[in-house]
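Taking it in order: structure first as structure tokens, then the write-up.
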Amino acid sequence: QDCMAMYVFLFLLSFLAWGEGRTKKPLYIGGLWPSTPNPFVYSQYTGIAAQLALDHINDADLVPGHELFLRHRDSKCDVGLALYQMGELLRLFDEPTIVLVGEACSPVT
């Protein structure tokens, strides 16, 4: 199900291509997961996996004319902080965050 959503997302982004010879337009993906020590040990690898996925997408030029970048915020597995961080990811930047990825902590999800 998550894989299908990513394929649909990439398919839709492919329509945004600027054409060859132009500078790639940045697209920002927001990441929200705990990165500080917590009981969910696996969460420390979420950011590494997300960045690796974006690197593969960029290297294969799956979104022509664009380059994907990751913006991460630490939710610390706290619901209130996660909501605050989500708001920051969506409003604090000149270039908008187009999609949010996460959470690796089930109480926050």
Side-chain angles (χ1 to χ4, degrees):
Q1 191 176 35
D2 293 333
C3 189
M4 181 58 131
M6 182 58 91
Y7 287 128
V8 170
F9 172 71
L10 292 174
F11 177 75
L12 292 174
L13 286 179
S14 68
F15 286 106
L16 300 174
W18 280 35
E20 296 197 30
R22 294 190 180 176
T23 309
K24 289 188 173 189
K25 181 179 179 186
L27 295 176
Y28 297 95
I29 309 294
L32 188 64
W33 52 80
S35 56
T36 53
N38 64 59
F40 303 98
V41 178
Y42 65 87
S43 67
Q44 66 185 344
Y45 302 109
T46 306
I48 296 168
Q51 187 59 58
L52 183 62
L54 292 184
D55 291 344
H56 283 291
I57 291 167
N58 288 332
D59 291 346
D61 202 24
L62 293 176
V63 187
H66 295 80
E67 185 171 2
L68 302 179
F69 293 94
L70 181 65
R71 293 176 172 159
H72 168 255
R73 292 294 180 268
D74 183 4
S75 72
K76 297 183 181 177
C77 202
D78 178 271
V79 175
L81 181 60
L83 285 171
Y84 176 79
Q85 298 288 23
M86 181 180 70
E88 282 197 338
L89 283 169
L90 294 175
R91 68 178 171 82
L92 285 185
F93 301 97
D94 291 336
E95 293 283 338
T97 301
I98 60 169
V99 69
L100 293 174
V101 179
E103 164 74 42
C105 174
S106 57
V108 175
T109 305

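These figures come from a predicted structure and were not determined experimentally.
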**OP:** Hey, could you give me the CZ/OH distance between Arg73 and Tyr84, rounded to the nearest 0.5 Å?
**Re:** 9.5 Å

Original post:
Got a second to check how far Ile29's CD1 is from Ile57's CD1, nearest 0.5 Å?
Top reply: 7.5 Å

Original post:
How many angstroms lie between OH in Tyr28 and CG in Leu68, if you round to the nearest 0.5 Å?
Top reply: 11.0 Å

Subject >> Side-chain donor/acceptor of Asn58 to backbone N/O of Glu67, under 3.5 Å >> reply: no

Original post:
Between atom CG of Leu70 and atom CG of Leu52, what is the distance when rounded to the nearest 0.5 Å?
Top reply: 11.5 Å

**OP:** Take atom CZ of Phe69 as the centre, draw a 6.0 Å sphere, and report whether it contains more than 12 heavy atoms from other residues, nucleotides or ligands.
**Re:** yes

**OP:** Report the C-alpha distance between Lys25 and Val63 in whole Å, list the side-chain angles of each, state the deciding distance to 0.1 Å, and finish with yes or no for side chain to side chain contact (heavy atoms under 4.5 Å, CB included).
**Re:** CA-CA 10 Å; Lys25 181 179 179 186; Val63 187; over 6 Å; no

Original post:
Is there any salt bridge (Lys or Arg N to Asp or Glu O under 4.0 Å) pair reaching into residues 48-59, and which pairs are they, with sequence neighbours excluded?
Top reply: none

Original post:
Can you find a pair of side-chain heavy atoms, one from Trp33 and one from His72, that are under 4.5 Å apart?
Top reply: yes

**OP:** Measure the CG-CD distance between Asp78 and Gln85 for me, rounded to the nearest 0.5 Å.
**Re:** 10.0 Å

Original post:
Do side-chain atoms of Thr97 reach the backbone of Leu89 as a donor and acceptor pair under 3.5 angstrom?
Top reply: yes

Original post:
Counting N and O atoms only, with roles assigned by atom type, does the side chain of His66 sit under 3.5 Å from a partner on the main chain of Pro64, one being a donor and the other an acceptor?
Top reply: yes

Subject >> Sub-4.5 Å side-chain heavy-atom contact between Leu81 and Asp74 >> reply: no

Subject >> Glu95 and Arg71, any side-chain heavy atoms less than 4.5 Å apart >> reply: yes

**OP:** Answer yes or no: is there a donor N or O on one side and an acceptor on the other, between the side chain of Ser75 and the main chain of Cys77, under 3.5 Å?
**Re:** yes

